[in-house]
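These figures come from a predicted structure and were not determined experimentally. Just the heavy atoms: all of them, side chains too, but no hydrogens, waters or symmetry mates, feed the values below. Along the sequence shown, residues are numbered consecutively beginning with 1.
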Amino acid sequence: MRILIVGSGGREHALAWKLRQSPLVMDLFIAPGNGGTAQEGVNVPVADSDLPGLVALAKEKRIDLVVAGPEAPLVLGLQNALEKEGIPCFGPSAFAANLEGSKAFSKTVMRESGVPTAPFMVFDEFERARAFVQERGAPLVIKADGLAAGKGVVVVKTTEEALATLEDMMVRKVFGSAGDRVVVEEALTGEEASFLAFCDGERYAVLPSAQDHKAVGEGDTGPNTGGMGAYSPAPILPRERYEETAELVIAPILRNLANKGQPFRGVLYAGLMYTDKGPMVLEYNVRFGDPECQPLLLRLDSDLAEIMLACARGDLGGVEVRCRPETALCVVMAAKGYPGAYPKGMEITGIPEADAVPGVKVFQAGTRLEGGKIFSSGGRILDVTALGADLAQAQKAAYEAVGRIHFQNSYFRGDIGAKGLKRIGG
Ligand code: AMP
Ligand code: GLY
């Protein structure tokens, strides 16, 4: 099989690394890729948003399966464009990708499907949104409808803050057209967890639970990032709850979209919050989380190429998704300053030494390979991921490996996994 992976982060390095292990995979291309994917396959400089470029590349390389890493190309219609050429794509159609591409669509599908989620209203007009917020009062959550690079969700504590946020989104258009429409919803409280399932349009196969660490600072302080670390399983969502959770948050969505003639094929990611009324869905993503993907793929003990092709073809029936019982934990090493401005171009040393720690695999995110050396090129630089007998051991191995890696202006959180350890009394 010849596979093309779209994207350039740590998630895509992990996908490339795992797909490389499949005896079905002969050739692997990554567009545009990074310093890590360059060691697993061939990087091709086509941007992940360049749909015509990606389709042309897939035809030229006679690709059997395109794997979409990020959401943007899917929302733009990558799957639809490939389907016209008869090329299977792991990742949903543009319609189904709206589960992530439009918060209003996503919330409406949740309500139609009976999925537990915060009560909400959708507004297209600033004046109406303002009147509603003034009447309701804070706390509330205000979400720009469209994709806003992970910044379009604001939890507001006061009415003034709510009004300022509405004005930013709907009048000042700080997120461009993503803020033409907003969702205003009830603010929930509780611990968050991620739950992902491979989907073939009708059937699904669940992955183990995971937990992200979105805030940049230790103790979940400071601005939100793409994710500073993750681990799997998340003690708040233990294995014996996977099936009932899937029945609650995955199956109804698949049925709804199949009934609309728009089957969801790919990986469906439910972002959950454990409230005192039980789990509620905060959002859906239509792709693997980054960095959640890294610990999940370290645990996956089945052939990823076989699973992905089966999803794309709508035939997950005979395919097994097996995971190792151990815990995996990923520490993101970033550039100091991220998610704000940060320096680039630092030389990175110690990756082979870190990989030598038992159970450890270092995935690369914002890196490039040049003259046999690795240099930083982004804010999140490395994803140091370790498999251990339990959470404490995975954490120990990951941080031991982190200690062997050196580059200037390095920053990482020292408390990845701490919340999970507290929950299990570790
Ligand atoms: P989303 O992009 O919808 O996942 O939102 C990003 C983050 O905002 C989530 O991970 C939560 O931490 C927070 N969030 C979203 N919706 C709510 C809500 N209804 N109540 C409280 N926090 C929320
Ligand atoms: N780590 C969260 C996300 O990928 O959306």
Side-chain angles (χ1 to χ4, degrees), residues 68 71-80 83 88-124 141 143-147 153 181-186 188 192-207 209 237 241-273 275 277-289 307-308 310-317 319 321:
E71 66 283 6
L74 294 167
V75 173
L76 289 171
L78 179 63
Q79 186 278 337
N80 309 72
E83 190 174 32
C89 176
F90 179 82
S93 66
F95 184 93
N98 269 327
L99 280 178
E100 179 164 1
S102 163
K103 304 271 186 204
F105 174 87
S106 182
K107 293 288 293 192
T108 305
V109 170
M110 285 188 235
R111 181 153 62 193
E112 282 173 9
S113 315
V115 168
T117 190
F120 70 101
M121 297 279 282
V122 179
F123 296 98
D124 293 301
V141 183
K143 302 183 170 183
D145 180 54
L147 293 180
V153 175
R181 173 175 285 179
V182 299
V183 171
V184 179
E185 67 181 46
E186 194 174 290
L188 307 173
E192 290 181 46
S194 308
F195 188 58
L196 291 80
F198 289 110
C199 303
D200 75 355
E202 281 175 40
R203 283 155 290 211
Y204 59 85
V206 303
L207 279 156
S209 60
L237 176 46
R241 292 261 157 81
Y242 292 172
E243 274 314 315
E244 71 185 50
T245 307
E247 279 303 319
L248 194 67
V249 305
I250 303 288
I253 298 291
L254 295 190
R255 278 196 296 270
N256 181 312
L257 291 177
N259 287 341
K260 288 183 162 72
Q262 297 282 348
F264 185 99
R265 299 196 175 118
V267 65
L268 183 60
Y269 167 139
L272 305 175
M273 186 175 264
T275 70
K277 290 191 209 123
M280 303 261 225
V281 176
L282 298 178
E283 61 160 353
Y284 285 105
N285 294 324
V286 299
R287 47 154 180 102
F288 275 105
I307 296 169
M308 289 184 148
C311 289
R313 286 185 173 154
D315 188 15
L316 201 48
V319 179
V321 177

Check whether any side-chain N or O of [X] sits under 3.5 Å from a backbone N or O of [Y] as a donor-acceptor pair, and report yes or no.
{"X": "S93", "Y": "N80", "value": "no"}
{"X": "T108", "Y": "A104", "value": "yes"}
{"X": "S113", "Y": "N256", "value": "no"}
{"X": "N259", "Y": "R255", "value": "yes"}
{"X": "D200", "Y": "L316", "value": "yes"}

Restricting to non-hydrogen atoms, name the atom on [X] and the atom on [Y] that form the minimum distance, rounded to 0.1 Å.
{"X": "P263", "Y": "G201", "result": "CB-CA, 3.7 Å"}
{"X": "P252", "Y": "A246", "result": "CD-O, 4.1 Å"}
{"X": "P279", "Y": "P116", "result": "O-CG, 3.5 Å"}
{"X": "C89", "Y": "A312", "result": "O-CB, 3.3 Å"}
{"X": "A94", "Y": "G77", "result": "CB-CA, 3.9 Å"}
{"X": "C199", "Y": "I250", "result": "SG-CG2, 4.3 Å"}

Say you draw a straight line from [atom1] of [X] to [atom2] of [Y]; how long is it, rounded to the nearest 0.5 Å?
{"X": "R203", "Y": "F198", "atom1": "CZ", "atom2": "CZ", "value": "15.5 Å"}
{"X": "N98", "Y": "D145", "atom1": "CG", "atom2": "CG", "value": "8.5 Å"}
{"X": "E192", "Y": "L237", "atom1": "CD", "atom2": "CG", "value": "13.5 Å"}

List the steps, then state whether side-chain contact (heavy atoms from CB on, under 4.5 Å) holds for V267 with F90.
CA-CA 8 Å; V267 65; F90 179 82; 3.9 Å; yes

If you define the side chain from C-beta out and look only at heavy atoms, does anything of [X] sit under 4.5 Å from [Y]?
{"X": "M280", "Y": "E186", "result": "no"}
{"X": "I253", "Y": "F264", "result": "no"}
{"X": "T245", "Y": "V206", "result": "no"}
{"X": "E244", "Y": "L248", "result": "no"}
{"X": "Y284", "Y": "M110", "result": "yes"}
{"X": "L257", "Y": "L99", "result": "yes"}

Does the distance from a Lys or Arg side-chain N to an Asp or Glu carboxylate O, for E83 and R265, drop under 4.0 Å?
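Salt bridge between E83 and R265, a charged N being under 4.0 Å from a carboxylate O: no.
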
Salt-bridge criterion met for E283 and K143 (N-O under 4.0 Å):
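No, no charged N to carboxylate O under 4.0 Å.
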
Return the orientation label for the Y242 and F195 ring planes: parallel under 30°, perpendicular over 60°, tilted otherwise.
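Ring orientation of Y242 relative to F195: tilted.
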
Given E100, which partner from the list L74, N285, L268 fulfils the side chain to side chain contact (heavy atoms under 4.5 Å, CB included) test?
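Only one option passes, and that is N285.
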
Salt bridge (Lys or Arg N to Asp or Glu O under 4.0 Å) partner of E185, the single match among K103, K107, R111
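Only one option passes, and that is K107.
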
